[in-house]
Amino acid sequence: MAWGTIVKSKHDWAVEPNLANYEQARRTFSWEDARRELDGLPGGGGINIAHETVDRHINSPLRDHLAIRWLGKNGEVWDYTYGQLRDLTNRFANALQDLRVNKGDRVYVLAGRIPELYIIALGTLKHRSVFCPLFSAFGPEPIRTRLTIGRAKVLVTTQSLYERKVKSLRASLPFLEHIVLIGDDHGFTNVPDTIDYRRLIENTSNSYTIQPTDPEDMALLHFTSGTTGAPKGAMHVHGAVVAHHITAKLALDFHRDDIFWCTADPGWVTGTSYGIIAPLTSGITSIIDEGDFDAERWYGILQSQKITIWYSAPTAIRMLMKAGSDVVRKYDLRSLRFLSSVGEPLNPEAVVWSKEAFGLPFHDNWWQTETGGIMIANFAAMNIRPGSMGRPLPGIDAAIVRMTGDGSVEEIREPDVQGELALRPGWPSMFRAYWDEPERYKKCFAGGFYLTGDLAKRDQDGYFWFIGRKDDVIKTSGHLIGPFEVESILMEHKAVAESGVIGKPDPVALEIVKAFVVLREGYKPSEDLRRALLAFARTRLGAVVAPKEIEFVTSVPRTRSGKIMRRLLKARELGLPEGDISTLEAD
Ligand code: AMP
């Protein structure tokens, strides 16, 4: 079915879009100009994310402006002005100093969307140690792996997450010097061998001077998954804030009076770049909801908080579609003026539905952990082709490429031809390394391009269309899951000889994690064993990573070199002839 084009005109704007003339903006854009929209540290001390998000607003009327409104899952509403954020983040920076944490040391946070997380993130950046968020739905194994790879010095978590997921790991984390605990009711804690968060920050000063920070100083460590091997720690620098700021201005159309809601969890890159950093550099108000997805709760928030810009994800939008348009009509959502989506393909149906339900279409945009910020987008002033990710941002060169026989990279210039999506490096939020894995990092580049691992095509008007992943990573409810991490844990169960893990298509979550399992001698497939394996994986990996389905098989197909042929498993799952996997993603 052809979805046509959603045509935009001046009558659609509540405010003049920041990017009104795409071609002109591409011609005139420079990263130096973008840098000048921020302040830099006083006295030429470089650039620090926490200065740009918080401190630079303190000598302006923004000091008393609402920076963050936190909505607790039990109905609490806590407000933080820019001035209050400055004091609290100063306190945490001083606390790190007291703990003898050094510049560049990794400070991890494992927590849900609680206000302390935002203070810790920004305090860590002030102190110039490295902020590393972990998704709170991870089980002990993904937590252990990521703490170990990045050699965490400090872990801040809540008392209940500590007791459920971290305590049992402590002996295997000798490098971890401090565990700081936040009370589950935000109160005091008293747990042996841990530090209480409240006492820690209450005993520190609320004044702090950010030390000179080089734009290339490491700031953020975000884990992402590949097909093989352990998760990869993508490293981002303080200078990335220039891209966070300008991409939000152009692709999310931030204006000074906006009230913005990013529904992403800060355990993932969207929740940091656009859930923490970009709204604050822009001096706007950011709403943070601790609660889980619930259609009525979400519409209630849009209405009561008078959200103007809403940044969400396809899985959530599909769940809203399922709840139906009648629910939407119960709410007054007239404050909304711009809707945006990221993380997975946004089906054209969802774009068309949102136009009907809200009077506004969702604007899809594309980026990934490694790019640190939005690269391709449907801008406010642009006609939307439902199903397309949009066009590259000013300052971003995107191309479709293919590998030639001799291993070099060739750009495909003809329209509508499938290839790998590639970007010319050079924007400030480009990742600088995979932590401790120079070879893996090097492999991402060829012929002057960064190779994204996504397959896409570009139409004759320069709109990019997502086709699929080049590799076997799984996207489930917006989260990238590495099959290897799941296979490895399943293999630790005494009944399992081998396993192969794929993403099984799902109408809401895009994919669900499905495992094919070969049993050891002496074990027979049974419903009880299947349930036991599901529970085992869930306990070790956490709900987001663990398989939702397990199927017993007698063998897992492998290549001659021993690699699991996940694509063949997927062909079987999809009912395609085993010899014909041409409709699956290409190599
Ligand atoms: P992550 O690094 O976890 O943010 O995941 C990045 C990956 O998510 C990309 O490489 C794509 O495969 C997928 N992705 C992100 N945004 C989109 C989008 N708008 N359309 C299709 N896939 C997307």
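Ligands are counted one by one from 1 in listed order, and the atoms in each one are counted from 1 as well. The structure displayed is predicted, hence computed values, not measured ones.
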Give the single entry among [options] that approaches [atom] most closely by any heavy atom.
{"atom": "atom 12 (O) of ligand 1", "options": "L510, N365, D454", "answer": "D454"}
{"atom": "atom 21 (C) of ligand 1", "options": "A456, S273, P345", "answer": "P345"}
{"atom": "atom 13 (C) of ligand 1", "options": "A264, G387, G343", "answer": "G343"}

> Could you give the distance from CH2 (W70) to CD (E290), rounded to the nearest 0.5 Å?
Replying inline: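 CD of E290 is found 4.5 Å from CH2 of W70.
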Who's the nearest protein heavy-atom neighbour of [atom], and how far?
{"atom": "atom 18 (C) of ligand 1", "answer": "E344 O, 3.4 Å"}
{"atom": "atom 6 (C) of ligand 1", "answer": "Q368 CB, 3.3 Å"}
{"atom": "atom 1 (P) of ligand 1", "answer": "T369 OG1, 3.4 Å"}
{"atom": "atom 17 (C) of ligand 1", "answer": "W366 CD1, 3.5 Å"}

> Taking heavy atoms and a distance under 4.0 Å, where does W367 meet ligand 1: side chain, backbone, both or neither?
Replying inline: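 Backbone only.
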> Applying a 4.0 Å heavy-atom criterion (strictly less than), which segment of K475 is in contact with ligand 1: side chain, backbone, both, or neither?
Replying inline: side chain
> What residue among K570, K504, K475 forms salt bridge (Lys or Arg N to Asp or Glu O under 4.0 Å) with E511?
Replying inline: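 When K570, K504, K475 are each tested with E511, the salt bridge (Lys or Arg N to Asp or Glu O under 4.0 Å) holds only for K570.
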> Do the numbers put R146 on top of the ring of Y108, so that NZ or CZ is under 6.0 Å from the six-membered ring centre and no more than 45° off the axis?
Replying inline: no
> In terms of the angle between their ring planes, are W268 and H479 parallel, tilted or perpendicular, with boundaries placed at 30° and 60°?
Replying inline: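 Correct class here is parallel.
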> Hey, what's the ring geometry for F445 with Y450, parallel, tilted or perpendicular (30° and 60° as the breaks)?
Replying inline: tilted
> N/O to N/O below 3.5 Å, does that happen between E370 and ligand 1?
Replying inline: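 In fact, backbone or side chain, E370 has no N or O that close.
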>> Looking at R572, I want to see if its CZ is surrounded by more than 12 non-hydrogen atoms of other residues, nucleotides or ligands under 6.0 Å.
In response: yes
>> With a cutoff of 4.0 Å, is D364 in contact with ligand 1, counting heavy atoms of the residue only?
In response: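 For ligand 1, residue contact (heavy atoms, under 4.0 Å) with D364 is present.
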> Where do L339 and L360 come nearest, in terms of heavy atoms and distance?
Replying inline: CD1-O, 3.5 Å
> Which atoms from ligand 1 have a heavy atom of L480 less than 4.0 Å away?
Replying inline: 2 (O), 3 (O), 5 (O)
>> Using a 4.0 Å cutoff against the non-hydrogen atoms of R469, which atoms of ligand 1 qualify?
In response: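 Within the 4.0 Å cut-off of R469, ligand 1 contributes 9 (C), 10 (O), 12 (O).
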>> Check this for me, if you would: do E141 and R144 make a salt bridge, where the nitrogen-to-carboxylate-oxygen distance has to be below 4.0 angstrom?
In response: yes
> Looking at residues at least two apart in the chain, or sitting in another chain, which of them share a side chain to side chain donor-acceptor pair (under 3.5 Å) with R458?
Replying inline: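 Here no residue qualifies.
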